[in-house]
S.K.: 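Sharing a structure, written as structure tokens. Questions coming.
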Amino acid sequence: MRLELRLAVRDRARFLSHLEMVDVLLAALRRAGYAVTLSQGMRPKPVISLALARGVGVASEDEHLAVDLVGEDLDPAQVLERLAATCPRGVVPLSCAPAGPKADVSGASYRLGFSAGAAELERACAAYRAVPELVVERSGPKGHRQIDVRRFAPDPTVADGAVHVRIAILEDGSAKPDEVARALQACADADLGRAAITRLAVHTAPRPARVGATETP
Amino acid sequence: MPCVEQHDLQERIEDLLGYVEKPSRYIGGETNETVKPDAAVRVALAYPDAYEVGISNQALQILYGLVNDRTPAAAERVYCPWPDMADAMRRTGVPLFTLETWRPVADCDLLGITLQAELTYSNVLELIDLAGIPLHAADRGPGDPIVLAGGPSASNPMPLARFVEAFYMGEAEEGLDRIVAILEAIPDRAERLRRLGELPYLYLPAQGDLPVERAIFTDFAIDTAPTHPVVPYASAIFSRASVEVMRGCTRGCRFCHAGTWYRPVRERPVEDVVRAGLEQLGCTGYDELSLTSLATSDYSGVERAIREIKAAKPDLHLSLPSNRVDTGPVALSAAANGRQRSITLAPEAATQRMRDIICKTITDEMIERAIDAAFAAGYTSLKLYFMIGLPLETFEEVQGIADLGYRAREIGRRHHGEGGRFTVHVSVSNFVPKPHTPFQWDGMAPPDQLRVKQDYLRRALRGRQLKLSLHDVRTSLLEAAIGRGDAITGDVLEAAWRAGARFDAWTEHHREDVWRAAFGAAGRDLEVEATRERGPLDPLPWDHVRSGVSKEFLLDEWYQSRAERLTGDCRWDGCSDCGACVGPVRNRLVEA
């Protein structure tokens, strides 16, 4: 049975990497007494996925977990309850429901908590929005890349003393929330401090039908 | 304002985690972690290596459970921070902290460090220093935790004697509660040490080299096995449930430290093994269970345990490490885990002569039968484990390893075909003499000689379906020089650590130049120390440590090795008078 769960990742658990989190969730499901369906083929893998990889150190209030559990008549409420009892500290299941139609992730919203005051943050956001392009450098195993974060996150605003920003996922990629934080810092007159980043929501859009595919009733 | 300070420390730790490799090494919070924030006595249990190595260590998991479940004290875990984190901690003034509460190790009553391998000793100094505890025991004051070390490598405490207040000899289950009781009842540090010094299994270097007895956990067979180990994050080297089915081994391999240090044999009842295994699977979420011991196929209840566990969990991946080389154990492994495609056999030596010297009671025929049984059972990866540099070794023994590798390939081809998809992995390590073994008087083979033999094997053993792996001579050399070291080795250790040595077992961090310079500064030579032979009458640095096995027995075994004669296993061939069994201490076997 395919289920969709929403999870929060809080406190120290935010330092778990994406793969570590998948492993933690698999073990928690086994402890809760559920078996995860294995994929077909030479090297079967558990059918489980987190919709959008979370950066190490980023907390989240909206992780989307899709998992296929062995069995057809599972009670989502019971899965939620049992999983809540077996997840480690900081990993909090919030809801569980039968999986709907597959959707693509179109973006995510973040809260960037800086130590600077609201006025300073307002000025930084205004400066950010005023420029047509904000390029930051991304370093990785394959070398360095220039990312224009303004294209993916055009409209940071201030609310509750923190910066809120929606970052889109486009065909050619996306920006990371810490890159947006760096760009904001570059636009600021003063030191904003280190950003405590929390993912507030993952946004999805229905997956477009494949060309030539026939719709089933 | 301790709360404010604690909050400040937590924020500073979080700041560091954003910049270091694998921050999950430092966050704690794993399933089955125990937090006792209000405990009056706090014990930091440290493994002097990275999280992924330390969390996989069964001994520390046992101690953690014992302290937290059976005493009022809180046990919290510490692993050696990786160099990037250690450097960042020093730069920002963050002291070593425990994973459970992120509180400073220096605020604990006791820092207990397990010594599982000599190559972690530089990390012991790293841990003490990062904690902000004075490096030398003599410089510590009333506010510092007592630094206590235990584990198998503590059987020669002398290289670390300057840095550690107390060494626990033997199996900690026996006396852990007494140590906690002393810490609970007595607030004064000096008085705590005085009382600890009265325990017969604790060696306190400050009291001089008084005789100290190894503690033997006589209740192993009746005590319940641990059932809720901490479940590591994904990076651990072992992620599986494990039940220790048996402690001790009396097969008497003359190179083996554990074979002496954990005598006699004590077997756990099958019912307890099965119950603990199933409970662990339930509360950890693992899909693999390992039945561990020094030689699991020797466990009298192994067949019944496999049968009952498989009946309860038919799809379970059940593994039996450390098996004897024969058809029976191979069949057991196959029965335990039908899906597993690889198996390890450890003949240790490839010729009958050398196996007689090291007292490995297996024959050429048994080895070939075991290999045949492994391939017949469908295994496609066979690992054969050998040592080179053993006492009295000739080139024939080295050639024998290559010959046996080829014989294994021939047998494999009989089962899988000439071009069949199978591999024979020949793994060759270097003999390192250990204290409290019959070979404690022998030196390690000179490194140049070992390298020549390794080169020979590289040329002699190549071809399809064959793989050869060789152990780094540099790390073996250091292990040998430290393992049989004395108090002056402590000077070497300190000099090497001050010059940057840490994580010596990790190839990327091993600094041979630093160690050579440190030995030189102490007026010693690394190779001379590692290869030094000692006479039967020479005093040994660990003579005051009584393992229970008499020195006379070890010396007699040394002579037996020179005569190329085997000694029987006392479980089946009668007592060999090693001295380990006294009063309630004796072999305790279960019904098959």
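Residue numbers start from 1 in every chain, and the chains themselves are labelled A, B, ... in the order their sequence lines are given, proteins ahead of strands.
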S.K.: Taking atom OH of B/Y233 and atom CG of A/D23, what is their separation to the nearest 0.5 Å?
M.R.: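 With rounding to 0.5 Å, OH (B/Y233) is 11.5 Å from CG (A/D23).
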
S.K.: Which atom pair, heavy atoms only, marks the closest approach of A/A27 to B/T284?
M.R.: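 A/A27 and B/T284 have their closest heavy atoms at CB-O, 4.0 Å.
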
S.K.: What distance do B/I27 atom CD1 and A/L16 atom CG have between them, rounded to the nearest 0.5 Å?
M.R.: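 CG of A/L16 is found 4.0 Å from CD1 of B/I27.
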
S.K.: Crowded around B/K467 NZ? As in, over 12 foreign heavy atoms under 6.0 Å?
M.R.: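 For B/K467, atom NZ is not crowded (no more than 12 foreign heavy atoms under 6.0 Å).
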
S.K.: Just do the side chain to side chain contact (heavy atoms under 4.5 Å, CB included) check on A/V24 and B/E30 with the steps written out, would you?
M.R.: CA-CA 9 Å; A/V24 159; B/E30 307 97 318; over 6 Å; no

S.K.: Write down the atom of B/G29, the atom of A/P88, and the distance for their closest heavy-atom approach.
M.R.: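 Scanning both residues, the minimum pair turns out to be O-CB, 3.4 Å.
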
S.K.: Is chain A contacted by the side chain of B/E14, its backbone, both, or neither, given a heavy-atom distance below 4.5 Å?
M.R.: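 Both backbone and side chain of B/E14 come within 4.5 Å of chain A.
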
S.K.: Can A/R31 and B/T31 be counted as having a side-chain donor-acceptor contact under 3.5 angstrom?
M.R.: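 Side chains of A/R31 and B/T31: pair found under 3.5 Å.
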
S.K.: Which atoms form the tightest heavy-atom contact between B/E33 and A/R89, and what is the distance?
M.R.: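 Shortest heavy-atom contact: OE1-NH1, 3.2 Å.
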
S.K.: So what's closer than 4.5 Å to chain A heavy atoms on B/V35: side chain, backbone, both or neither?
M.R.: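 Just the side chain, heavy atoms under 4.5 Å.
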
S.K.: Side chain from CB out, backbone as N, CA, C, O: work out which of these in B/D287 comes under 4.5 Å of a heavy atom of chain A, or both, or neither.
M.R.: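 When you check distances to chain A, atoms from both the backbone and side chain of B/D287 fall under 4.5 Å.
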
S.K.: I'd like to know whether CD of A/E137 has more than 12 heavy-atom contacts from other residues, nucleotides or ligands below 6.0 angstrom.
M.R.: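 Yes, the 6.0 Å shell around CD holds more than 12 heavy atoms from other groups.
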
S.K.: To the nearest 0.5 angstrom, please state how far the CZ atom of A/R14 sits from the OG atom of B/S24.
M.R.: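 Answer for the CZ-OG pair, A/R14 versus B/S24, is 13.5 Å.
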
S.K.: Which heavy-atom pair separates B/P23 from A/F15 by the least distance, and what is that distance?
M.R.: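 Looking at all heavy atoms of both residues, the shortest contact is CG-O, 3.7 Å.
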
S.K.: To the nearest 0.5 Å, what is the distance between CZ (A/R12) and OH (B/Y26)?
M.R.: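 It comes to 14.0 Å.
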
S.K.: What do you reckon, is NZ of B/K310 surrounded by more than 12 foreign heavy atoms closer than 6.0 Å?
M.R.: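 Above 12, so yes.
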
S.K.: Can you check whether anything in residues 83-93 of chain B gets within less than 4.5 Å of chain A, heavy-atom wise, and list it by number?
M.R.: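 Counting heavy atoms that sit under 4.5 Å from chain A, no residue of residues 83-93 of chain B is involved.
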
